Amino acid sequence: MSKPVVTIIVAALKPLYGIGNQGGLPWRLRKEMAYFKRVTTRTVDPSLRNAVIMGRKTWDSIPPKFRPLPNRLNVVLSRSFENEAVDDNILHARSVSDSLQLLKERNIERIYVIGGAEIYNEFIKSGLVDNVLLTEVEHTEKEEIEMDTFLKFDANQWIKSSKSELIEFTGEDAIDDDIHEDKFVYNYTLWQKQ
Ligand code: NDP
């Protein structure tokens, strides 16, 4: 059986790669959210969908009226779930490998891992992640940003792709540099396995 291609998509504050605080996101980056939606929804083959895999806590943090995330197959991981299709848009899985197994049986274009920390870190540790779409966030002011959740990302184990590779991978028409929103500045990047 061929190995599925798995991509992590995450926004993290440098240098420690903080991604969350008190169960929520530490920021509200409107353009970044729109990028996330476009990239995770876009397919080359119009007859296919992408899958988004998330932990139970990230699922819970999405307001009910916005979930499942539309036009994507939502896969939610919990150790207390049975492996099952809840409906056409939601799968439940009880482990990382079960989630990938369930997806093998379906016609999916890409698999995106969308958080949170526990799920990102388990996928990275598993060696099953081929690409990391990392939005590198920096803070433009001196005050500290409170973070309690971090991505275990070791940049030395990954190769940063060029901007044209990022554009090709995401299907975006163009990618801006140094996007300012709120008190943050950020850049979209793509990292691939060494
Ligand atoms: P997660 O969303 O990773 O969910 C954790 C839950 O997933 C666990 O409690 C468990 O559910 C289930 N789970 C974890 N591992 C497995 C496994 N191997 N098999 C089956 N189920 C599993 O929660 P975190 O608290 O780690 O992360 C949430 C934080 O991340 C928030 O602050 C959120 O805002 C942030 N985040 C940030 C993003 C970013 O791009 N900056 C993106 C997404 C989230 P159960 O307890 O039911 O068994």
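We count ligands from 1, going down the list as the structure has it; atoms in each ligand are counted the same way. In this text, all values refer to a predicted model and were calculated from it rather than measured experimentally. Positions are given from 1 along the sequence.
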Legend entry - Nearest-0.5 Å distance that lies between atom CE in M147 and atom CG in L16: 9.0 Å
Inset, instruction - Could you name each residue pair satisfying side chain to side chain donor-acceptor pair (under 3.5 Å) that touches residues 62-75, not counting sequence neighbours? - result: T40-R72, T41-R72
Hey, can you pull the donor-acceptor pairs under 3.5 Å for the side chains in residues 111-119, sequence neighbours left out?
{"unit_1": "Y112", "atom_1": "OH", "unit_2": "R110", "atom_2": "NH1", "d": "2.9"}
{"unit_1": "E118", "atom_1": "OE2", "unit_2": "R79", "atom_2": "NH1", "d": "3.3"}
{"unit_1": "E118", "atom_1": "OE2", "unit_2": "R79", "atom_2": "NH2", "d": "3.4"}

Inset, instruction - List in chain and number order the residues that pass side chain to side chain contact (heavy atoms under 4.5 Å, CB included) with I159, two or more places apart in sequence or in another chain; answer none if no residue qualifies. - result: Q194
Inset, instruction - Check the surroundings of atom CD in E168: do more than 12 heavy atoms from other residues, nucleotides or ligands lie under 6.0 Å from it? - result: no
Legend entry - Heavy-atom side-chain proximity of F36 to T135 below 4.5 angstrom: no
Which N or O atoms of ligand 1 sit under 3.5 Å from a protein N or O, and how far apart is each pair?
{"unit_1": "ligand 1", "atom_1": "2 (O)", "unit_2": "T58", "atom_2": "N", "d": "2.9"}
{"unit_1": "ligand 1", "atom_1": "2 (O)", "unit_2": "T58", "atom_2": "OG1", "d": "2.6"}
{"unit_1": "ligand 1", "atom_1": "2 (O)", "unit_2": "G116", "atom_2": "N", "d": "3.0"}
{"unit_1": "ligand 1", "atom_1": "3 (O)", "unit_2": "G116", "atom_2": "N", "d": "3.1"}
{"unit_1": "ligand 1", "atom_1": "3 (O)", "unit_2": "E118", "atom_2": "N", "d": "3.4"}
{"unit_1": "ligand 1", "atom_1": "3 (O)", "unit_2": "I119", "atom_2": "N", "d": "3.3"}
{"unit_1": "ligand 1", "atom_1": "4 (O)", "unit_2": "K57", "atom_2": "N", "d": "3.4"}
{"unit_1": "ligand 1", "atom_1": "7 (O)", "unit_2": "R56", "atom_2": "N", "d": "3.4"}
{"unit_1": "ligand 1", "atom_1": "15 (N)", "unit_2": "R79", "atom_2": "NH2", "d": "3.2"}
{"unit_1": "ligand 1", "atom_1": "15 (N)", "unit_2": "E118", "atom_2": "OE2", "d": "3.4"}
{"unit_1": "ligand 1", "atom_1": "15 (N)", "unit_2": "E122", "atom_2": "OE2", "d": "2.9"}
{"unit_1": "ligand 1", "atom_1": "18 (N)", "unit_2": "E122", "atom_2": "OE1", "d": "2.5"}
{"unit_1": "ligand 1", "atom_1": "19 (N)", "unit_2": "R94", "atom_2": "O", "d": "3.2"}
{"unit_1": "ligand 1", "atom_1": "21 (N)", "unit_2": "S78", "atom_2": "N", "d": "3.4"}
{"unit_1": "ligand 1", "atom_1": "21 (N)", "unit_2": "R79", "atom_2": "N", "d": "3.4"}
{"unit_1": "ligand 1", "atom_1": "26 (O)", "unit_2": "A117", "atom_2": "N", "d": "3.3"}
{"unit_1": "ligand 1", "atom_1": "26 (O)", "unit_2": "E118", "atom_2": "N", "d": "2.8"}
{"unit_1": "ligand 1", "atom_1": "27 (O)", "unit_2": "A117", "atom_2": "N", "d": "3.1"}
{"unit_1": "ligand 1", "atom_1": "32 (O)", "unit_2": "G24", "atom_2": "N", "d": "3.3"}
{"unit_1": "ligand 1", "atom_1": "32 (O)", "unit_2": "G24", "atom_2": "O", "d": "3.0"}
{"unit_1": "ligand 1", "atom_1": "34 (O)", "unit_2": "G24", "atom_2": "O", "d": "3.0"}
{"unit_1": "ligand 1", "atom_1": "34 (O)", "unit_2": "L25", "atom_2": "N", "d": "3.2"}
{"unit_1": "ligand 1", "atom_1": "40 (O)", "unit_2": "A11", "atom_2": "N", "d": "3.0"}
{"unit_1": "ligand 1", "atom_1": "41 (N)", "unit_2": "A11", "atom_2": "O", "d": "2.8"}
{"unit_1": "ligand 1", "atom_1": "41 (N)", "unit_2": "I19", "atom_2": "O", "d": "3.1"}
{"unit_1": "ligand 1", "atom_1": "46 (O)", "unit_2": "R56", "atom_2": "NH2", "d": "2.9"}
{"unit_1": "ligand 1", "atom_1": "47 (O)", "unit_2": "R56", "atom_2": "NE", "d": "2.8"}
{"unit_1": "ligand 1", "atom_1": "47 (O)", "unit_2": "S78", "atom_2": "OG", "d": "2.6"}
{"unit_1": "ligand 1", "atom_1": "48 (O)", "unit_2": "S78", "atom_2": "OG", "d": "3.4"}
{"unit_1": "ligand 1", "atom_1": "48 (O)", "unit_2": "R79", "atom_2": "N", "d": "2.9"}

